[in-house]
Number of protein chains: 2
Amino acid sequence: MTQAASNLRIDRPPQTLREMALERMRSAIIAGYFKSGERLVERSLCDQLGVSRSVVREVIRYLEAEGLVESQHNKGPTVASLSWEQARQIYRIRLQLERDAAAACAEVADAATKAELERALKALEKAFAVGQTMGLFDATTRFYEVIFRSAGHDIAWEIVQRLNSRISRLRGLTLATKDRHVSGHARMAQICQAILDNDPEAAAQSVEEHLTEAAAIARRLLQAESDAEEER
Amino acid sequence: MTQAASNLRIDRPPQTLREMALERMRSAIIAGYFKSGERLVERSLCDQLGVSRSVVREVIRYLEAEGLVESQHNKGPTVASLSWEQARQIYRIRLQLERDAAAACAEVADAATKAELERALKALEKAFAVGQTMGLFDATTRFYEVIFRSAGHDIAWEIVQRLNSRISRLRGLTLATKDRHVSGHARMAQICQAILDNDPEAAAQSVEEHLTEAAAIARRLLQAESDAEEER
DNA sequence: TGTGGTATGTTGGTATACCGTCTGACGGAA
DNA sequence: TTCCGTCAGACGGTATACCAACATACCACA
């Protein structure tokens, strides 16, 4: 009966225009369709998204709260830009939260979790092989999601995702780096192994190394970019 | 001249109606003026705030992103309610971030920072003596702000503040507890001392004790409340 | 070249209207 | 009395028109 009932259920898309517009805008910013610092003109967004100004404005408010968009009085919203200082802080916060999550996950991981984690790692390997940045992005996200979710750290996961979207540009650059292809994968495998062994200490340690490395690469890239900017 | 120029400057409140409405709504929720789970009817909020529906809706979107308000499709926004599970997670995240901030602060604290911290602690003592919950609230916030800011953890501070606003009801209950008056103050002093000594380890340790204690009290209160609910 | 005025575009904010959904009240049937 | 269907009103979701304040770019004039 329960089964029948759940099959009978009419699940209309419980999605509002606003939610769809939000998704689009968010991924557009993350994907770099809107450049950092670019102005977001309400009316032109209305045209591009095909929705009314009310919707656009509400979406912008939401993204503003997420830190993806900045608004100045009477100047309108712009895509948030990221200084190295901010990026540094974000990597540090991620370190705290991911370390804790990995340790917690390693503590409680059961067979099902481990299987799922291995699947995620397999997918990650495949994505590394293909080399498509977007695919890597998703696979990495998936891998961490398993860790956070199984550790019961949903709220922390949400925070980390939000932080990640703020440094998405950096993450893209980082993932595209050659050496990252090798070491990144090795680090992930290391984290995975530690969890499979139910070894919280090792898991925390691996996460720490992984993130420290990522931050260092990000810093180098950002530095190089700003140097190039100055030369110009 | 620079002085004169800066004095001449007309600094009009760069505040929009929306921002003011946002502040009001946020503090109304934190102060408990709107109960947890209560529906927020847009049109009645318009009357109460004296602004138009657009503004109200944008504010609600913002609060939704902050996690203070929840919306269901075609049901409208409600004040977010908090389960113990969520509260647990929030305390855990705070632990990670506050511990790191305190340690970082202890590492870099100079004379000026220390002086400011001591001032904050003095204010805290006074607030404890007065016993006004709201004053305690502000003083505690101020104390932690000094720590986070001087450690250069602005983003983490923003996150912590947001988390705190989500557990504001719990914090209110916790602060009102009798034993908290004593031990809370002792803990704060301990944290402060560790920073004055530039001892990161001790600072982290003190924060950990303080927060673990707070979480335990919160849990007890929440449990008692839900028990009382069931009896009813 | 610099100054001041002007035109244009954009935002912040408001009012209003319309539709679809939800909810609760009312009234009739079993 | 209880159950159930219907219906009206409340409310959210969306669209649109309008206005004032402001910012910016441009232009003409000294």
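Just so we're on the same page: letters track the sequence lines, and every chain starts at 1. The figures here come from the full heavy-atom set of this structure, side chains too, leaving out hydrogens, waters and symmetry mates.
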Side-chain donor-acceptor contact under 3.5 Å, Thr141(A) with Asp138(A): no
Rounded interatomic separation in angstrom, taking OH from Tyr62(B) and P from dG12(C): 14 Å
Aromatic plane relationship, Tyr144(A) with His210(A) - under 30° parallel, 30 to 60° tilted, over 60° perpendicular: parallel
Other residues, nucleotides, ligands: >12 heavy atoms within 6.0 Å of Arg88(A) CZ: yes
Contact state string [nucleotides 10-18 of chain D, B base, S sugar-phosphate only, - no protein heavy atom under 4.0 Å]: -BBBBBB-B
side-chain contact (heavy atoms from CB on, under 4.5 Å) evaluation trace for Met25(B) with Gln48(B): CA-CA 10 Å; Met25(B) 282 297 297; Gln48(B) 296 186 51; over 6 Å; no
Arg162(A) atom CZ, over 12 foreign heavy atoms within 6.0 Å: yes
